[in-house]
Protein chains: 2
Amino acid sequence: MSAESNDLRQAGLKVTHPRVKIYQVLLSATEADHWSAEEIYRLLVERSEDIGLATVYRVLTQFEEAGLVIRQRFENEHAVYELATGDHHDHLVCSRTGQVREFNDDKLNQRLLEIAAENGFEYTGQTVHIFGEVR
Amino acid sequence: MSAESNDLRQAGLKVTHPRVKIYQVLLSATEADHWSAEEIYRLLVERSEDIGLATVYRVLTQFEEAGLVIRQRFENEHAVYELATGDHHDHLVCSRTGQVREFNDDKLNQRLLEIAAENGFEYTGQTVHIFGEVR
DNA sequence: GTGTTTGCAAATAGTTTGCAAGAAC
DNA sequence: GTTCTTGCAAACTATTTGCAAACAC
């Protein structure tokens with residue numbers, strides 16, 4: 001049994017053709033790739049996969065609920081999806097090119113925890129987007 | 001001439017009834033209020049103002065372009081608008097109630113600048129959302 | 001008076017849903 | 001064989017746009 005099938009099954013999802021293919025697309029993404037449902041759909045079409053757009057949305061939602069992927073929303077844009085690697089990270093986004101870079105900074109995370117505490121919030125999560133232009 | 005009219009004119013916008021009314025609604029918002037176009041529209045209807053939803057969207061977009069307001073996007077939701085006060089701030093959002101609290105932390109801002117620099121990005125802006133539950 | 005703005009209805013973009021046919025186990 | 005999943009088309013939500021009438025200056 002393939003590793004992908006195993007991952008799906010472990011997430012409590014029946015192993016179907018669309019799910020495996022969509023999971024493979026996500027596995028093939030690099031740090032700079034943050035694909036929308038539409039883009040994933042187009043990648044599948046390019047690979048001659050006969051999977052409907054609605055299914056892509058449904059599967060991505062199931063993946064998110066199962067904790068396999070994380071849905072991000074940069075600025076105005078539509079949602080983009082990336083595999084949940086287990087370790088948290090935030091994003092640097094180039095305002096000019098849209099290029100994305102991931103980072104994870106302990107000092108930053110620590111300060112965010114403190115800010116939450118100072119304001120009487122029990123921390124549950126964070127979204128940090130730094131905008132800039134690649135030099 | 002009212003202060004509101006002045007603000008609009010200074011922003012390069014002709015003073016019209018819908019613009020003044022929408023601006024007044026925004027002025028009446030507290031730190032915890034982050035209203036969507038739809039909500040602003042409903043507030044206007046409650047005040048017996050006969051202003052169309054499309055106009056609310058158009059005016060808010062003009063306000064944003066003029067630097068009068070800032071458009072935010074929390075999580076999945078629609079866009080919300082707040083007056084640009086000049087000083088930057090970030091947001092704490094209660095995952096349970098949706099309640100919003102603003103903050104501005106120098107240490108945090110400093111660290112974000114450093115992270116941008118470390119990654120070869122010329123800093124242009126930031127969006128920080130801390131999620132938590134109000135204790 | 002002239003150019004800008006508005007209201008309405010229709011269009012659009014992204015996403016979700018109902019349902020009958022098809023796949024997984 | 002039964003239950004879950006998929007594809008398609010239609011529905012939906014948030015937002016934008018075309019256009020003729022109304023307004024600001």
Side-chain angles (χ1 to χ4, degrees), chain A residues 1-2 4-25 34-45 47-66 68-69 71-81 98, chain B residues 1-2 4-25 34-45 47-66 68-69 71-81 98:
Chain A
M1 177 195 307
S2 72
E4 291 106 45
S5 301
N6 235 342
D7 290 351
L8 293 178
R9 200 161 282 130
Q10 287 212 315
L13 294 167
K14 194 179 276 190
V15 178
T16 66
H17 182 76
R19 286 182 183 151
V20 172
K21 291 303 169 186
I22 291 168
Y23 190 59
Q24 287 175 347
V25 167
H34 285 74
W35 292 321
S36 65
E38 191 85 36
E39 285 167 328
I40 291 169
Y41 171 68
R42 268 188 275 117
L43 286 169
L44 290 166
V45 170
R47 297 177 193 188
S48 308
E49 292 294 339
D50 196 12
I51 298 175
L53 177 57
T55 299
V56 174
Y57 274 107
R58 261 186 301 228
V59 167
L60 287 170
T61 302
Q62 292 158 355
F63 282 5
E64 192 194 10
E65 284 164 357
L68 278 177
V69 311
R71 186 197 303 240
Q72 288 278 332
R73 214 173 261 274
F74 299 114
E75 296 275 76
N76 294 335
E77 299 160 33
H78 27 36
V80 296
Y81 301 81
Chain B
M1 174 194 306
S2 73
E4 291 106 45
S5 300
N6 234 342
D7 291 350
L8 293 178
R9 199 161 285 131
Q10 287 212 315
L13 295 168
K14 195 177 275 191
V15 178
T16 66
H17 182 77
R19 285 184 183 150
V20 172
K21 290 304 169 186
I22 292 168
Y23 190 59
Q24 287 175 348
V25 168
H34 285 74
W35 291 321
S36 66
E38 189 88 36
E39 285 167 329
I40 291 170
Y41 172 70
R42 270 189 272 116
L43 287 168
L44 290 166
V45 171
R47 298 177 192 189
S48 309
E49 293 294 340
D50 196 11
I51 298 174
L53 177 57
T55 299
V56 174
Y57 274 107
R58 260 186 300 227
V59 168
L60 288 170
T61 302
Q62 292 158 355
F63 282 6
E64 193 194 10
E65 283 163 357
L68 279 177
V69 312
R71 186 197 301 241
Q72 287 279 332
R73 215 172 261 274
F74 300 116
E75 296 275 76
N76 293 335
E77 299 159 36
H78 26 38
V80 296
Y81 301 81

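The chains referred to below are lettered A, B, ... by the order of the sequence lines, with proteins before strands, and numbering in each begins at 1. The model shown is predicted, which means the values in this text are computed figures rather than measured ones.
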Side chain of Arg19(B): nearest nucleotide among dT6(C), dT15(D), dT16(D)?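 Per side-chain heavy atoms of Arg19(B), the pick is dT6(C).
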Thr55(B) side-chain proximity, nearest of dG7(C), dT6(D), dT15(D):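 In terms of side-chain proximity for Thr55(B), the closest of dG7(C), dT6(D), dT15(D) is dG7(C).
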Sub-4.0 Å heavy-atom contacts from residues 36-45 of chain A onto DNA chain D, ordered by number: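 Those residues: none at all.
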Ignoring hydrogens, what is the shortest heavy-atom contact between Glu39(A) and Trp35(A)? Give both atom names and the distance.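 Heavy-atom minimum between the residues: OE1-CA, 3.2 Å.
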Looking at every heavy atom in both Ile51(B) and Tyr41(B), which two are closest together, and how far apart are they?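 Looks like O-CE1, 3.0 Å.
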Quick check: any donor-acceptor pair below 3.5 Å linking the side-chain of Arg58(B) to the base of dG18(D)?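 Looking at the base of dG18(D), it does pair with a donor or acceptor on the side chain of Arg58(B) (distance under 3.5 Å).
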Are any protein N/O atoms closer than 3.5 Å to N/O atoms in nucleotides 20-25 of chain C? If there are, list each pair with its distance.
| unit_1 | atom_1 | unit_2 | atom_2 | d |
| --- | --- | --- | --- | --- |
| dC25(C) | OP1 | Arg9(A) | NH2 | 3.4 |

Applying the side chain to side chain contact (heavy atoms under 4.5 Å, CB included) criterion to Lys21(A), which one of Val56(A), Leu44(A), Thr55(A) satisfies it?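 Only match with Lys21(A) under side chain to side chain contact (heavy atoms under 4.5 Å, CB included): Leu44(A).
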Would you sort out whether Arg19(B) and Gln62(B) count as a side chain to side chain contact (heavy atoms under 4.5 Å, CB included), showing the intermediate values? CA-CA 10 Å; Arg19(B) 285 184 183 150; Gln62(B) 292 158 355; 3.2 Å; yes
Side-chain contact, heavy-atom cut-off 4.5 Å: [X] with [Y]?
{"X": "Leu8(A)", "Y": "Thr16(A)", "value": "no"}
{"X": "His78(A)", "Y": "Glu38(A)", "value": "no"}
{"X": "Leu43(A)", "Y": "Glu49(A)", "value": "no"}

Take the C1' atoms of the five end pairs on each side of the helix from dG1(C)-dC25(D) to dC25(C)-dG1(D), derive the two axes, and give their angle rounded to 10 degrees.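 Nearest ten degrees gives 30° for this helix.
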Looking at Tyr57(B), does any N or O in its side chain come under 4.0 Å of the phosphate oxygens OP1/OP2 on dT15(D)?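 Answer is yes, contact under 4.0 Å.
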